[in-house]
Amino acid sequence: MPKRICVTGASGLAGRAVVADLLEHGYEVLATDVVPPSPQLPARWSRPDLTYTQADLTDYGDAFEVIAGVDAVAHLAAIPAPSIFTPARTLNVNNAVNSNVFLAAAQAGVERVVWASSETTLGLDFGPGNLPWYLPLDEDHYPRPTSTYSLSKVLGESMAEHVSAWSGIPFVALRFSNVIDPARYGEFPAFEEAPESRLFNAFGYIDVRDAASSVRLGLEAEVTGARSYVIANRDTVMSRSTAALIEEFFPGVEVRRELGEHESLFSTERAHVELGFEPRHGWRDA
Ligand SMILES: NC(=O)c1ccc[n+]([C@@H]2O[C@H](COP(=O)([O-])OP(=O)(O)OC[C@H]3O[C@@H](n4cnc5c(N)ncnc54)[C@H](O)[C@@H]3O)[C@@H](O)[C@H]2O)c1
């Protein structure tokens with residue numbers, strides 16, 4: 001029997017890729033979102049392994065309804081950035097969505113929750129007045145929220161830790177870097193002329209297809225308790241070298257190991273070792 005996975009935020013950028021990746025790998029998917037299914041999803045009536053339910057996860061009843069009966073949850077639904085809504089709304093909506101999904105997962109007794117945390121928990125936005133403590137950024141460069149969005153992710157990770165301890169369910173938090181659709185790679189060479197535009201997240205990114213595979217690996221890996229993982233590509237978005245970026249934008253910041261020519265300022269070592277994560281798509285190949 002293929003495993004049934006509830007994918008929340010399934011109409012969104014990452015959610016669509018997660019649904020496609022899970023279907024491709026033989027899972028059954030119950031896709032859910034507060035907005036109707038994206039036209040980019042396979043038509044649900046055309047395949048028996050995909051169903052769609054519209055649900056507002058700020059409502060506990062909706063959350064329990066979509067989660068009861070699945071084997072595991074891939075939770076991507078959220079207000080996905082600061083400055084879309086007011087700071088308080090971002091915090092309150094994301095907290096409600098996360099607590100409802102986590103508690104419903106515990107009540108339903110699912111096997112696993114994999115969910116989208118964020119690179120913002122590591123201290124973004126970086127700039128001259130907000131330098132990293134050290135480089136490369138790893139899971140221990142935490143917690144450093146600077147917005148109610150990143151605070152909602154830090155609180156989510158804290159909730160996950162406790163709900164996991166109460167329920168025994170493993171919770172896998174994926175601290176995604178900026179999720180990029182490959183259709184946007186044409187914009188990348190222009191960053192060289194305006195590096196300040198990518199300073200906020202230390203020039204990182206994650207291809208949406210690799211973000212999706214990290215969710216699947218999070219569902220499959222041997223993990224106990226609540227674990228968090230930085231998920232980023234292995235290179236930066238910039239043409240100039242990583243050493244040149246550090247010299248210009250992060251002067252005086254401790255660099256803890258030697259970095260390759262274009263190596264990312266995010267370390268994904270933990271995800272590589274514990275989840276088997278290996279990014280396969282990058283803008284330099286596009
Ligand atoms: N996009 C990025 O660069 C990025 C980076 C780090 C982390 N993340 C996280 O990854 C996840 C997915 O982000 P995305 O870029 O795909 O965003 P997105 O906005 O494309 O998708 C999020 C989806 O969540 C749904 N949603 C919002 N509120 C809901 C509610 N109350 N009930 C049900 N569904 C609701 C939205 O309708 C949307 O389809 C989010 O949790 C986001 O915080 C994104």
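For ligands, and for the atoms within them, numbers begin at 1 and follow the listed sequence. In this text, all values refer to a predicted model and were calculated from it rather than measured experimentally.
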Does ligand 1 have an atom under 4.0 Å from some heavy atom of [X]?
X    : answer
S117 : yes
A55  : yes
Y149 : yes

Using a 4.0 Å cutoff against the non-hydrogen atoms of [X], which atoms of ligand 1 qualify?
X    : answer
G12  : 16 (O), 18 (P), 20 (O), 21 (O), 39 (O)
A78  : 22 (C), 24 (O), 27 (C), 40 (C), 41 (O), 43 (O)
L76  : 11 (C), 12 (C), 40 (C), 41 (O)
T58  : 31 (N)
L57  : 30 (C), 31 (N), 32 (N), 33 (C)
S11  : 39 (O)
A116 : 9 (C), 10 (O), 11 (C), 41 (O)

* Let me know which of D33, V29, V7 forms a side-chain contact (heavy atoms from CB on, under 4.5 Å) with Y52. =>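 Single pass found, and it is D33.
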Is it the case that ligand 1 has an N or O less than 3.5 angstrom from some N or O of [X]?
X    : value
E119 : no
K153 : yes
V93  : no
F176 : no

Among protein heavy atoms, which sits nearest to [atom], and what does the distance come to when rounded to 0.1 Å?
atom                    : result
atom 31 (N) of ligand 1 : D56 OD1, 2.9 Å
atom 39 (O) of ligand 1 : D33 OD2, 2.6 Å
atom 19 (O) of ligand 1 : P80 CG, 3.2 Å
atom 16 (O) of ligand 1 : A14 N, 2.8 Å
atom 20 (O) of ligand 1 : L13 N, 2.9 Å
atom 34 (N) of ligand 1 : V34 N, 3.3 Å
atom 1 (N) of ligand 1  : V179 CB, 3.7 Å

* Of E139, E161, E274, the residue whose pairing with R227 passes side chain to side chain donor-acceptor pair (under 3.5 Å) -> E274
Do [X] and [Y] have side chains that approach each other closer than 4.5 Å (heavy atoms only, starting at C-beta)?
X    : Y    : value
R240 : L245 : yes
R175 : T121 : yes
E119 : L124 : yes
P132 : F250 : yes

Structural part of [X] in contact with ligand 1, heavy atom criterion under 4.0 angstrom:
X    : result
V97  : side chain
S177 : backbone
R175 : neither

* Asked: Can D71 and R4 be counted as an ion pair, charged N to O under 4.0 angstrom?
  ->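 Salt bridge: no.
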* Audit row: F200, F126, ring pair (Phe, Tyr, Trp, His ring centres under 6.0 Å) steps and yes/no -> CA-CA 5 Å; F200 74 100; F126 295 119; 9.4 Å; no
* Asked: Is the backbone of P87 close enough, under 3.5 Å, to the side chain of T148 for a donor and an acceptor to pair up by distance?
  ->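 Here the side-chain-to-backbone pair exists.
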* With distance as the sole test, does N233 use its side chain to make a donor-acceptor pair with the main-chain N or O of D235 at under 3.5 Å? ->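 Flag not set: sc N233 to bb D235 has no pair under 3.5 Å.
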* Out of E263, E269, E278, which residue meets the salt bridge (charged side-chain N to carboxylate O under 4.0 Å, His left out) rule with R234? ->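 Exactly one option meets the salt bridge (charged side-chain N to carboxylate O under 4.0 Å, His left out) with R234, and it is E278.
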* Show your working on ring pair (Phe, Tyr, Trp, His ring centres under 6.0 Å) between F249 and F203 and close with a plain yes or no. => CA-CA 11 Å; F249 295 103; F203 312 99; 5.5 Å; yes
* CA sep, side-chain torsions, deciding dist, call: R144, Y142, side-chain contact (heavy atoms from CB on, under 4.5 Å) -> CA-CA 5 Å; R144 204 169 134 173; Y142 175 97; over 6 Å; no
* Which residues pass the salt bridge (Lys or Arg N to Asp or Glu O under 4.0 Å) test with R280, sequence neighbours left out? -> none
